[in-house]
Q: 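Sending over a structure as C-alpha cells; questions will come in a sec.
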Amino acid sequence: MQVEHTVSDYDEDLRFLTQKISAMGGQAERMVERAIDALIRSDHKLAETVVADDIVLDNGQRDIDEKAVLVIVKRQPMAQDLREIIGAIRISADLERIGDLGKNIAKRVSVVTEYRQPVSFYRGLQALTDLALTQLKFVLDAYSTRSISQIEVVRDRDDQTDAKYTSLFRELLTYMMEDPRNITPCTHLLFCAKNLERIGDHATNIAETVYYISTGEQMPIERPKDDTSHEVTITKG
Amino acid sequence: MTDFQFHMQNRIDELKASLENLSAIRLAMALPDPVIVFSGQFEAVFQNKPAVEAFGSVQVGRDIRITFRSPEMVNLLDSVVSDGTKISTNLIERVPLERFFWVTATPIDERVGLFVLLFRDQTEAHRIDRMRSDFIANASHELRTPLASISGFIETLRGPARNDPRSQHQFLDIMQEQTGRMSRLVADLLALSRVEMKKDISPDAQVELGAILDIVVESLSKLAGNLNVDITKLYRDAKYFVAGDRDELVQVFQNLIENALNYGSSGKRVEVGITGSGGRHKTAIEVWVQDYGPGIAKEHLPRITERFYRANTEKEHKGTGLGLSIVKHILARHHAAMVVDSESGKGARFTVTFPSKPV
C-alpha cells in the first residue's frame with residue numbers, strides 16, 4: 001500500500017507513475033494480442049496499427065523516466081517510495097521491450113502470410129500466446145493491487161511457456177523438413193515464438209520487480225532452467 | 001376533487017417522495033449488471049456485487065484506470081471525464097477466460113461530479129458465434145468421409161464392376177446408406193449446435209451395439225480392402241442394448257475403426273469386440289477396437305482427444321484431427337468413458353465403456 005505524505009503533490013507524482021505504468025501495461029497486452037491476431041488472420045491493416053502503436057510505449061517509457069528522475073531530485077524519496085520509483089523505471093523498460101517484441105511479430109505478418117499457410121502452423125503459436133498473455137496479465141494485476149501472495153506462480157508459468165516453446169520449435173522444424181517451401185514462413189514463425197517466449201521472460205522480470213517494490217527484498221534466486229530448444233535436433237526417418 | 005381523485009393524488013405524491021428518498025446505492029445494488037461509480041479524478045467510489053464478481057473488489061479511492069488498463073478503457077474514461085458526455089466501448093479480455101463486455105460511461109450529475117460505468121456481458125453472444133464457426137468445421141469434416149466412400153464406389157461401378165450386377169446392387173445399397181447418413185448428419189449437426197446448451201440430457205432410445213458395429217464395419221470394408229487390413233469381429237450375436245443415439249454411436253465407432261485402419265494399417269488386422277452383457281444380467285458393456293500398428297507414443301496419449309491434435313505430423317493422413325474430439329463429445333453425452341491403451345510399436349486399443357443401466 002502506498003503511504004500518504006504531508007505534501008500531496010508528492011502523492012500525485014507517485015500516482016502518476018503507477019497510472020502510467022498501468023496504461024503502458026494495457027497497451028503492451030493489446031499490442032501482443034493484436035500482433036498474433038493479425039498473423040493468424042492475415043490482417044495486414046491490423047499489423048500496421050500494431051507497428052504504429054509502438055510509439056505509445058516508447059513515449060510512455062520516456063515520460064516515466066523523466067518523471068522518475070524529477071521526483072528523485074525534488075523529493076529525495078526513501079524506502080518504499082524509492083522502490084516504487086526504481087520499480088517504475090524497471091517495469092517500464094520491460095514493457096517497452098514487450099512492445100518491441102510485439103511490433104516485431106507484427107512486422108513479420110506480411111512475409112508469413114504472403115502465401116496461404118495451413119492452420120496447423122499457427123495452432124501452437126496461439127497456445128503459446130495464451131500462456132504469455134496470461135503471465136503478463138497476472139503480473140500487471142499483481143502490480144496494480146501490489147499483491148505478491150501468488151507471485152511465485154509466474155515462475156511455474158514461465159516453465160510452461162518454455163516447454164511449449166521447445167515443443168513448438170520441434171514442430172516447426174518438422175514442417176520445414178517436410179517441404180522446403182515451408183522454410184520461409186516457419187523461420188519467421190520461429191522468431192515469433194521466440195518473441196513470445198521472451199515476453200514471458202519479461203513478465204517474470206516484472207514479477208520480480210513487483211516483489212521487490214512490496215517487500216524491499218529481492219525475490220529468492222531459483223531460476224534453474226531456461227528453454228531447452230538449443231538442444232533440439234530432428235533426424236529424418 | 002372527488003374522494004377518489006384526492007386519494008390518487010395522495011398516493012402519487014407518496015410514490016414520488018419514496019423515489020426521492022431512494023438511495024442510488026440501493027438502486028445500483030438491485031441491478032444484475034456490473035456497475036462502478038467513480039469521481040472526476042478517476043477514484044473508485046462504489047461498485048455493486050456483480051462488479052466485484054466480475055472484476056474483483058476495487059478499493060475506494062483507487063484509480064480505476066489501473067483496474068481497467070486497456071487502451072480502449074483508458075480512452076473511454078479520459079473522454080467521459082473531459083467531455084462530460086456519454087460514451088461506450090467494447091471491453092475484451094482474452095485470458096485467462098475470454099470475456100466480452102459492452103461498457104457505457106455516463107456522467108451522473110454535474111453537481112456531484114460522479115460518473116458511472118455500466119457493463120453489459122456479451123460473452124454468451126460471442127460464444128454462440130464461436131459455436132457457429134466450429135459447426136462449419138465439423139460439418140465439412142464429417143461430410144468428407146461418406147463422400148469419399150461414395151465417390152470410391154462410383155469409380156468401381158464405372159470401372160471393374162461395370163458388368164457385375166451383383167456387386168452393383170451391393171454397392172448401391174452401401175451408397176444409399178451413406179447418403180442417408182450424410183443427410184441425417186447434416187440435420188444432426190444443425191441440431192447439435194442447438195442442443196449443445198443442454199448437453200446434460202442423455203439420449204434415451206434403446207440401440208443395439210452389434211448391429212451398429214455391423215453397419216460400420218460394412219461401410220469401411222472397402223477402405224479396409226484398399227489398405228489390405230482384415231477387420232475381425234469378435235462379438236457374438238447376443239443383443240447388446242444401451243441407451244443411446246444410433247447415428248451418434250455409428251459416428252463414434254466409424255471414427256474409431258477408421259482411425260485404426262488408417263493409423264494401424266501396418267499391423268494388417270484390426271479387431272472389434274464387445275464384452276459384458278446387456279441381457280438379463282446387466283453389467284457395463286465395453287466395446288473395443290484394437291489395431292496392431294505402430295501405436296501411440298506415451299507423450300501424445302493425454303492429448304489425442306484435443307481438437308486438431310495429431311500425434312504424427314510427419315505422415316500425411318486424411319483426417320482433420322476432429323475425429324476423436326467428436327467421439328469424446330458424443331461419449332460424454334452418453335455417460336460413456338473411453339480409455340486408450342497403447343505403447344509405441346505395440347498397437348493401440350480404444351475401449352469404450354457404457355455404464356450398466358439402472359434396473
Side-chain angles (χ1 to χ4, degrees), chain A residues 1-2 4 12 15-16 18-34 36-37 53 56-57 60 95 118-124 126-127 129-138 140-141 143-147 157 167 170-175 177-179 234 236-237, chain B residues 38-39 41-44 55-78 81 89-99 133-134 136-137 140-141 297 299-300 302-303 306-317 319-322 325:
Chain A
M1 268 325 88
Q2 282 162 14
E4 294 278 321
E12 198 56 45
R15 257 204 292 274
F16 173 89
T18 309
Q19 196 272 318
K20 205 78 190 171
I21 288 282
S22 214
M24 273 184 81
Q27 187 71 39
E29 285 174 310
R30 188 50 39 93
M31 273 182 75
V32 176
E33 214 174 280
R34 283 193 168 163
I36 294 294
D37 262 6
D53 273 355
V56 180
L57 285 181
L95 290 173
V119 221
S120 53
F121 283 19
Y122 303 119
R123 209 159 289 123
Q126 223 161 356
T129 309
D130 284 351
L131 270 178
L133 281 176
T134 311
Q135 235 176 316
L136 188 57
K137 178 180 159 51
F138 187 86
L140 289 171
D141 286 347
Y143 175 75
S144 69
T145 55
R146 296 288 189 283
S147 95
R157 291 248 175 77
S167 93
R170 191 186 296 274
E171 192 182 332
L172 290 170
L173 281 193
T174 325
Y175 294 141
M177 292 175 74
E178 273 170 11
D179 186 344
I234 291 189
K236 210 157 191 175
Chain B
F38 63 98
S39 76
Q41 279 81 50
F42 303 102
E43 299 143 310
F55 309 110
S57 107
V58 182
Q59 204 193 359
V60 173
R62 177 167 278 283
D63 193 326
I64 58 159
R65 289 172 301 177
I66 290 169
T67 309
F68 300 104
R69 60 173 172 261
S70 79
E72 297 81 24
M73 281 302 285
V74 174
N75 277 343
L76 173 99
L77 294 167
D78 280 342
V81 169
T89 191
N90 273 311
L91 170 62
I92 302 167
E93 274 187 12
R94 192 179 144 148
V95 289
L97 281 175
E98 221 165 25
R99 294 198 296 180
S133 58
D134 283 356
I136 291 164
S140 54
H141 169 76
E299 63 264 33
H300 295 303
R303 297 193 55 192
E306 277 178 25
R307 255 163 189 276
F308 299 116
Y309 187 81
R310 303 184 66 194
N312 193 343
T313 51
E314 282 175 37
K315 258 193 220 155
E316 211 38 65
H317 282 296
T320 61
L322 277 172
S325 52

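Letters go in sequence order (proteins before strands), and every chain restarts at 1. Just so you know, these numbers use all the heavy atoms, side chains as well, and skip hydrogens, waters and symmetry mates.
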Q: Would you please test A/Arg30 and B/Arg69 for side-chain contact (heavy atoms from CB on, under 4.5 Å) and show each step?
A: CA-CA 10 Å; A/Arg30 188 50 39 93; B/Arg69 60 173 172 261; over 6 Å; no

Q: As an exercise, state the distance from CD1 of B/Ile66 to NZ of A/Lys20, rounded to the nearest 0.5 Å.
A: 12.5 Å

Q: Going by the side-chain contact (heavy atoms from CB on, under 4.5 Å) test, name the single residue among A/Met31, A/Glu29, A/Gln27 that passes it with B/Pro71.
A: A/Gln27

Q: Side chain from CB out, backbone as N, CA, C, O: work out which of these in A/Asp53 comes under 4.5 Å of a heavy atom of chain B, or both, or neither.
A: neither

Q: Against chain B, label A/Leu140 side chain, backbone, both or neither, depending on which of its atoms sit under 4.5 Å from a heavy atom there.
A: both

Q: Taking A/Ala28, A/Gly25, A/Gly26 one by one, which has the highest count of heavy-atom pairs under 4.5 Å against chain B?
A: A/Gly26

Q: Restricting to non-hydrogen atoms, name the atom on A/Ser144 and the atom on B/Arg62 that form the minimum distance, rounded to 0.1 Å.
A: O-NH1, 2.8 Å

Q: Does A/Asp37 have any side chain to side chain contact (heavy atoms under 4.5 Å, CB included) partners at least two apart in sequence or in another chain, and if so, which?
A: A/Arg41, A/Leu46, B/Arg94

Q: Show your reasoning for whether side-chain contact (heavy atoms from CB on, under 4.5 Å) applies to B/Glu93 and A/Leu133.
A: CA-CA 10 Å; B/Glu93 274 187 12; A/Leu133 281 176; over 6 Å; no

Q: With sequence neighbours excluded, what pairs up with A/Phe138 under the ring-ring contact (aromatic ring centres under 6.0 Å, His included) test?
A: none

Q: Treating B/Arg65 as the side-chain partner and A/Ser22 as the backbone partner, does any N or O pair qualify as donor plus acceptor under 3.5 Å?
A: no

